[in-house]
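Proteins come first, then strands; the chains are lettered A, B, ... in the order of their sequence lines, and each starts at number 1.
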Amino acid sequence: MVGCWPPIKAISGKNPRALNCAQRADEPPVSPQFLWSDWQGLTGWQPSADVLAETLDGGQAFRWRREAVTSSQISEIWTGTWSGQVAQLRLNHHQLEWRTPAAHYAATAVALPRYLGLDLDHHALVDSLPWRSDPHLARCLVAFPGLRILRQPLGETLLGFLCSATKQIVQIKQMVALLAERHGAASPAATTLPHRLPTWTELAAIPEIDLRACLLGFRAKYIHASAQYLASHPGWLEETEQLPYAAAKARLLTLPGVGEKVADCVLLFGAGQLAAFPVDTWILQSLERRYQLTGWKPAQIAQFGRAHFGPNAGLAQQYLFSWERKFGRHPSPDTAAK
DNA sequence: TGCTAACCTGA
DNA sequence: CAGGTTAGC
């Protein structure tokens with residue numbers, strides 16, 4: 001079973017900022033009260049509900065949860081966590097708003113925009129893609145306006161994608177939720193908030209059998225072995241993060257369980273390396289169907305992707321990926337247009 | 001820059 | 001069968 005966060009009770013009501021509001025005597029002492037900050041507007045990004053969902057829950061990250069809200073004009077709230085941060089996001093009349101446990105406000109106010117990639121000139125990045133000469137790419141860009149590449153912590157991203165082999169997003173989310181719940185530190189703000197993911201040092205101390213108990217299957221062996229390596233090489237991930245794309249990828253590929261696809265995902269979503277072009281089955285399918293690259297092998301597709309889409313190929317990849325998942329479920333002999 | 005099966009588990 | 005990697009032809 002996966003734990004039930006975020007706590008529904010904690011979401012209700014208005015801004016619980018009244019610090020002088022004494023805790024009621026009939027409230028259970030087992031649920032330590034914490035205060036959410038006021039909702040704050042986020043500038044620099046105005047995604048639709050669909051694009052917000054695709055960004056948070058489209059396979060880049062595995063620790064965001066959507067909750068339906070019935071009692072107001074807001075239809076849903078996303079709760080996510082990374083590093084020591086917990087944040088909620090909502091769309092209020094096209095305005096993206098966020099809040100965090102009040103005690104974390106200052107840190108999250110800095111960390112959230114970076115996590116969402118809002119410190120980058122997204123328009124310029126998209127404009128650098130060859131959409132003028134590529135009608136399918138142009139169609140993908142229009143279909144998901146403002147879709148972002150997240151900038152997640154490298155170590156957590158690595159863990160998530162070590163879980164990802166032949167698994168769907170829901171299952172990966174379940175694995176990392178179990179890892180966090182059973183082996184990660186509780187949030188200092190409240191027991192009802194999601195735990196952190198275990199650090200690689202913590203993971204190294206977990207017997208493989210206990211990892212398997214988190215539904216990891218054969219992936220437990222890879223995570224266990226990678227954890228042994230990382231625990232005995234302090235600073236290895238931090239150094240990897242500083243390297244240029246090719247060198248960083250070569251290093252990641254030495255970890256057990258990390259192949260081409262996982263390495264590129266980790267670098268794209270966990271290190272801001274927009275040159276990384278992960279080739280999974282969706283991208284294989286996309287380039288085969290939309291670019292007539294029938295029969296090309298993953299390595300060839302990757303080479304084509306980097307050459308055709310350029311230094312920000314990873315951004316293009318995310319649009320193609322999202323489009324294929326949403327619209328490409330069944331083959332369509334579409335735009336053979338050149 | 002070959003190719004294929006085995007690897008765990010459950011939506 | 002699933003958003004892959006690895007061992008072993």
- Select base, sugar-phosphate, or nothing to describe what A/Pro278 touches, counting heavy atoms under 4.0 Å on all strands. nothing
- Query: Quick one: are the ring centres of A/Trp236 and A/Tyr229 less than 6.0 Å apart?
  - Reply: yes
- Can you tell me how far P of C/dG4 sits from CG of A/Leu158, to the nearest Å? 16 Å
- Is A/Ile169 touching bases, backbone alone, or none of the nucleic acid, heavy atoms closer than 4.0 Å? base
- Task: Consider only side-chain heavy atoms of I, L, V, M, F, W and Y, link residues closer than 4.5 Å, and tell whether A/Trp323 and A/Val142 are in one cluster.
- Result: no
- Message: Regarding A/Leu255, tell me which of base, sugar-phosphate or nothing describes its non-hydrogen contacts under 4.0 Å with the strands shown.
- Response: sugar-phosphate
- Message: Suppose you measure atom P in C/dA7 against the same atom in B/dC8; what distance do you get, rounded to whole Å?
- Response: 13 Å
- Task: Measure the distance from CG on A/Leu268 to P on C/dG3 and round it to the nearest whole Å.
- Result: 18 Å
- Message: So, taking the atom named CH2 in A/Trp64 and the one named CD1 in A/Ile169, what distance separates them when rounded to the nearest 0.5 Å?
- Response: 15.5 Å
- Message: Could you check whether any side-chain heavy atom of A/Arg148 comes within less than 4.5 Å of a side-chain heavy atom of A/Gln318, counting everything from C-beta outward?
- Response: no
- Query: Out of curiosity, A/Leu52 CG to A/Leu96 CG, how far, rounded to the nearest 0.5 Å?
  - Reply: 6.0 Å
- Using a heavy-atom cut-off of under 4.0 Å over every strand shown, decide if A/Gly160 touches base, sugar-phosphate, or nothing. nothing
- Is there a side-chain contact between A/Arg90 and A/Glu76, using heavy atoms and a 4.5 Å cut-off? no
- Taking protein heavy atoms under 4.0 Å as touching, what does nucleotides 1-11 of chain B look like 5' to 3' if B marks base contact, S marks sugar-phosphate-only contact and - marks none? B-S---BBBSS
- Query: Where each pair must be Watson-Crick or G-U wobble with both distances under 3.5 Å, what dot-bracket representation of DNA chain C is obtained, with crossing pairs in [ ] and other-strand partners as |?
  - Reply: ||.||||||
- C/dC1 to B/dA5 separation - P atoms, rounded to the nearest Å: 16 Å
- Might you work through the side-chain hydrogen bond (donor to acceptor under 3.5 Å, both in side chains) test for A/Ser322 and A/Glu54, ending with a clear yes or no? CA-CA 7 Å; A/Ser322 294; A/Glu54 188 64 24; 2.8 Å; yes
- So what does A/Gly59 hit on the nucleic acid, given a heavy-atom distance under 4.0 Å: a base, only sugar-phosphate, or nothing? base
- Note on the structure: Which of A/Tyr105, A/Trp36, A/Trp45 passes ring pair (Phe, Tyr, Trp, His ring centres under 6.0 Å) with A/Trp98? It is A/Tyr105
